[in-house]
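Working notes, beginning with the structure itself.
In the text below, chain A, chain B and the rest are named by the order of the sequence lines, each starting its count at 1. All values below come from the heavy atoms of this structure, side chains included, with hydrogens, waters and symmetry mates left out.
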2 protein chains.
Amino acid sequence: MNTAAGSSVARRKAQWSTVEEIKQYILELRLHPGDPLPTETELCEALGVSRSSVREAMRTLSSLDIVEVRHGHGSFVGGLSMSPLVSGLIFRSVLDSEGDLRTLREVVDLRIALDLGTAEELVELHRGGPPRDDLRGLVERMRQHTARGEGFAEEDGAFHRELLAGLDNTIVRQLVSALWEVHTEVVPKLGLPPARDIDKTVEAHEAMLDALEAGDVEAYRTAVADHYQPLLTAIEAAVASNSATPAAPREARIS
Amino acid sequence: MNTAAGSSVARRKAQWSTVEEIKQYILELRLHPGDPLPTETELCEALGVSRSSVREAMRTLSSLDIVEVRHGHGSFVGGLSMSPLVSGLIFRSVLDSEGDLRTLREVVDLRIALDLGTAEELVELHRGGPPRDDLRGLVERMRQHTARGEGFAEEDGAFHRELLAGLDNTIVRQLVSALWEVHTEVVPKLGLPPARDIDKTVEAHEAMLDALEAGDVEAYRTAVADHYQPLLTAIEAAVASNSATPAAPREARIS
DNA sequence: CGACATTTGTGCGTATGTATT
DNA sequence: CAATACATACGCACAAATGTC
């Protein structure tokens, strides 16, 4: 036992253990996102493992956004965001992109389900409240962009984010934002054309807003369905044109 | 240039690059979950980086379930599941467990939203279809377990999984399963008591099933709300008893 | 601005446990 | 059982980023 390793028992599963130990450290000290963590060297001594193990554990935790590592500065408790979900869904979407775009369609369907599932609470929340001038303004800007033949991804994202701003549910809001992000990241990667009937989408946003302020749940649900329809048909169209020209797997750059 | 590092240009951002390169490799070869990947040594040569970098990249990808590493066997394309989301949500839930159990409540609210948001499609799907004898059997077993004073986590999980089995949306089904898993993993960690009024929960499952087979969307939505009510009140009760005895942060075991 | 300390990032050699053959 | 292939882990040295004086 001259160079490496401690007792063969202790070092077994040292890696899995290290991840859990660091998580325990955060939990037991009640650290919050942004709080500083010990340096890698200190963690090595505290946990009795080598720096390689600590580093791999920190890599795992940082990819889950449980810790955030800043080069030359230190490590901190991470934002506990949905970024791992976003990476995974984007990868899945691109992976079956040459097929039937199934994942992308499913992501859109999930967005629909979330908008429908929060409909009642959202309408109830706006009952008797002030009109949503912020959302009204976003719709107006969408209309202006459309008139100029431009897109309005910025306004669309803001609309769906602000729509749920009053929900008192961070996870739902983060999930909705994450799914929106997946969609907007994947579409350019696949070279999909932006939806054709843009006008309808703007109108659908307005209809959602009207129904919301009118307190009409059923109208809101209908507007949600109408809103996503152009997206779904665009995906279907892309699938049709894709299956016409099935791309053969390219050779990998590496190997 | 005797010991470490290649040219300072080539190794720039080697870390970020390595993860992306491996993802590209999978994408360009159109690999599917379970397909084998090159050994770490081969990846080192192919990407021109050291084993450390490849290992850390593989750690990142494996924690995102994009690759799966089997000890002493090799690396394979991962299942692209929701496991990163589960880890993250469990950690978040436990982290604010000594507070207001906010994350746990939000997870339950998200489950409600998903069940409500898929209500219409689910009812439509069952219209004219055969009765769900499988779900009926699960409810019956729940009732038997309750009569013996036992829990029925197994049957509950199966019920909510099988409920959406016909949905043709893998992501929604995986998300629902993932959230159920978060809930059942977190509750024991926090030592929360199982819901008190178990009978109502069994009845609510039955009511959901009845409404589904009757094709009554509105009754289904009501049953969903009733179903989650015991859970929500249990969480509220735990918050109340928690705030009575606010635990001070313990000293961390390490450091 | 430059010199310096601190901290993370990368490379490499090596030892060891484990699964396959 | 032995040989082989592979993943896991350790330790050190150097590179690069960041903050401070």
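In this structure, the CD atom of B/Glu68 is 15 Å from the C1' atom of C/dA19, given to the nearest Å. One interatomic measurement links the two molecules: CZ of B/Arg70 to C1' of D/dC6, which rounds to 13 Å at whole-angstrom precision. In this structure, A/Glu40 atom CD and D/dC10 atom C1' are separated by 15 Å, rounded to whole Å. Summarising the geometry, the separation between CD on B/Glu45 and P on C/dC12 is reported as 12 Å, rounded to the nearest angstrom. Here the P atom of nucleotide C/dC12 and the CZ atom of B/Arg55 are 16 Å apart, to the nearest Å. One interatomic measurement links the two molecules: CD of B/Glu56 to C1' of D/dA7, which rounds to 15 Å at whole-angstrom precision. The nearest whole Å value for the distance from the CD atom in A/Glu21 to the P atom in D/dA9 is 13 Å. Rounded to an integer number of Å, the gap from CZ of B/Phe76 to P of D/dC6 is 11 Å.
Considering only side-chain N and O atoms, B/Ser52 lies nowhere under 4.0 angstrom from the phosphate OP1 or OP2 of C/dG9. Here A/Ser75 reaches the OP1 or OP2 of C/dT8: one of its side-chain N or O atoms lies under 4.0 Å away.
Of all heavy-atom pairs between B/Ile66 and A/Phe91, the closest is CG2-CE2, 3.8 Å.
The distance between the ring centers of B/His160 and B/His183 does not fall below 6.0 angstrom.
Between B/Arg102 and B/Glu106 a salt bridge is recorded (basic side-chain N to carboxylate O distance below 4.0 Å).
Counting heavy-atom neighbours within 6.0 Å of B/Arg141 CZ, excluding the residue itself, gives a total of 12 or less.
Residue whose closest nucleotide on DNA chain D sits further toward the 5' end, between A/His71 and A/Arg51: A/Arg51.
Listed nucleotides: C/dG9, C/dC12, D/dT18. Nearest to the side chain of A/His73: D/dT18. In the set C/dG11, D/dA7, C/dT7, the nucleotide with an atom closest to the side chain of B/Ser53 is C/dG11.
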